[in-house]
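Below is one structure, written out as structure tokens; the observations come after it.
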There are 2 protein chains.
Amino acid sequence: MQTADILNSHCLSRTVLRHLTDRWTPFIVTVLADATPHRFTVIKQRIQGISPKVLTETLRSMERDGLVDRQVTASIPPKVEYQLTPLGLSVVPPIEALRLWAEEHLEEVESHRAQYDARCAASADGAS
Amino acid sequence: MQTADILNSHCLSRTVLRHLTDRWTPFIVTVLADATPHRFTVIKQRIQGISPKVLTETLRSMERDGLVDRQVTASIPPKVEYQLTPLGLSVVPPIEALRLWAEEHLEEVESHRAQYDARCAASADGAS
DNA sequence: CCGTATCCAAGGTGATACTG
DNA sequence: CAGTATCACCTTGGATACGG
């Protein structure tokens, strides 16, 4: 096979990265990072602001990519649990690193944003 | 301050992660990962399929967040170079890890997708 | 409880042509 | 060379209500 090169527009690794960076994928990975099964409702409650529709869609996509295993227990009420597969667990470190970076550098980034916006406002003033 | 928690819907670290996972941000980080300045056109050529508009937007966003430094050399023709700031360089390892994961696990993911789709087709057949 | 169905809004993204 | 300007799309994501 040819070595994957994500800079190549035809390389399918782009679709893989795209899924990993879907809006809610990192959140789901974070919740499931401890490798234990989690119920739909629990995941939904932990990830504040996600809608059931999108959670379902994202979980399905992750299941299709082999990142998540879905276990259904036929019972009343129904019980469905999701957990990361070995493949899914292997993506935890990169995702967690990214999440931690976002959390740890939040203030620094906000500071830069404020400075940038202030400079923009100043330029706009000077130009007007 | 309060510790950042990305699972909290009000936590601004979500906006940071959002930018890191913008469609083209990982590509730009990849191209600029060697810490040297790169010209606009070079970046554009390396990232196949990106339009000049979106490249500009993403670079601006990264500049605002303090990840990228933009250096303008007044000359004819104009010369503009972009390079990662120290903050930007600190995000290279997580991003590169994610990119490498996508490239290295491409075949495995594709295999899972094929299996999943085949199962779906089978179920659909059986159900019809 | 675990979703699906439906509709809708938003904005990210793209193609292209043009300018300082 | 390095963008900006426009336009439109169209996928993603959101709100809600309902079904198995």
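Side-chain atoms are counted along with the backbone in the values below, which use heavy atoms only and exclude waters and symmetry mates. Within every chain, numbering begins at 1; the chains are lettered A, B, ... in the order of the sequence lines, protein sequences first and strands thereafter.
In this model, no donor atom of one side chain and acceptor atom of the other lie less than 3.5 Å apart for His112(B) and Asp65(A). Side-chain N/O atoms of Asp117(B) and Gln115(B) include no donor and acceptor closer than 3.5 Å.
Contact annotation: the side chain of Ser90(B) approaches that of Trp101(A) to within less than 4.5 Å [non-hydrogen atoms, C-beta and beyond].
Taking the nucleotide of DNA chain C with the nearest heavy atom to each of Thr58(B) and Thr56(A), the more 5' of the two is matched to Thr56(A). Position along DNA chain D of the nearest nucleotide to Pro78(A) versus Asp22(A) favours Asp22(A) as the more 5'-ward residue. Residue-to-nucleotide proximity on DNA chain C shows that, of Arg18(A) and Arg60(A), the 5′-proximal contact is made by Arg60(A). Nearest-nucleotide mapping onto DNA chain D: of Ile50(A) and Arg70(B), the residue sitting toward the 5' end is Arg70(B).
Scored by the side chain to side chain donor-acceptor pair (under 3.5 Å) test, Asp22(B) finds no partners at all (sequence neighbours excluded).
Judged as a side-chain hydrogen bond (donor to acceptor under 3.5 Å, both in side chains), the pairs with a partner in residues 37-50 of chain B (not counting sequence neighbours) are, in order, Ser9(A)-Gln48(B).
Straight-line distance from the CD atom of Glu57(B) to the P atom of dG11(C): 13 Å, rounded to whole Å. Atom C1' of nucleotide dG3(C) and atom NZ of Lys53(A) are separated by 13 Å, given to the nearest angstrom. The distance from atom CD of Glu81(A) to atom P of dG3(C) is 11 Å, rounded to the nearest whole Å. When the P atom of dG3(C) is taken as reference, atom CG of Leu59(A) falls 8 Å away, rounded to whole Å. Rounding to whole angstrom units, CD1 of residue Ile76(A) and C1' of dG3(C) are separated by 15 Å. Distance NZ (Lys44(A)) to P (dG3(C)): 13 Å, rounded to an integer number of Å. Rounded to an integer number of Å, the gap from CG of Leu55(A) to C1' of dC2(C) is 10 Å. Rounded to an integer number of Å, the gap from Arg23(A) CZ to dG11(C) P is 10 Å.
Taking the 5' to 3' direction, DNA chain D first and last meets chain A under 4.0 angstrom from a heavy atom at dG13(D) to dG20(D).
A salt bridge between Arg99(A) and Glu96(A) is present, with a side-chain N of the basic residue lying under 4.0 Å from a carboxylate O of the acidic one.
In this structure, Val68(B) and Thr85(B) approach most closely via the heavy-atom pair C-CG2, 3.7 Å.
Among the atoms of the strands shown, only primed sugar atoms or phosphate atoms (P, OP1, OP2) are found under 4.0 Å from some heavy atom of Thr41(B).
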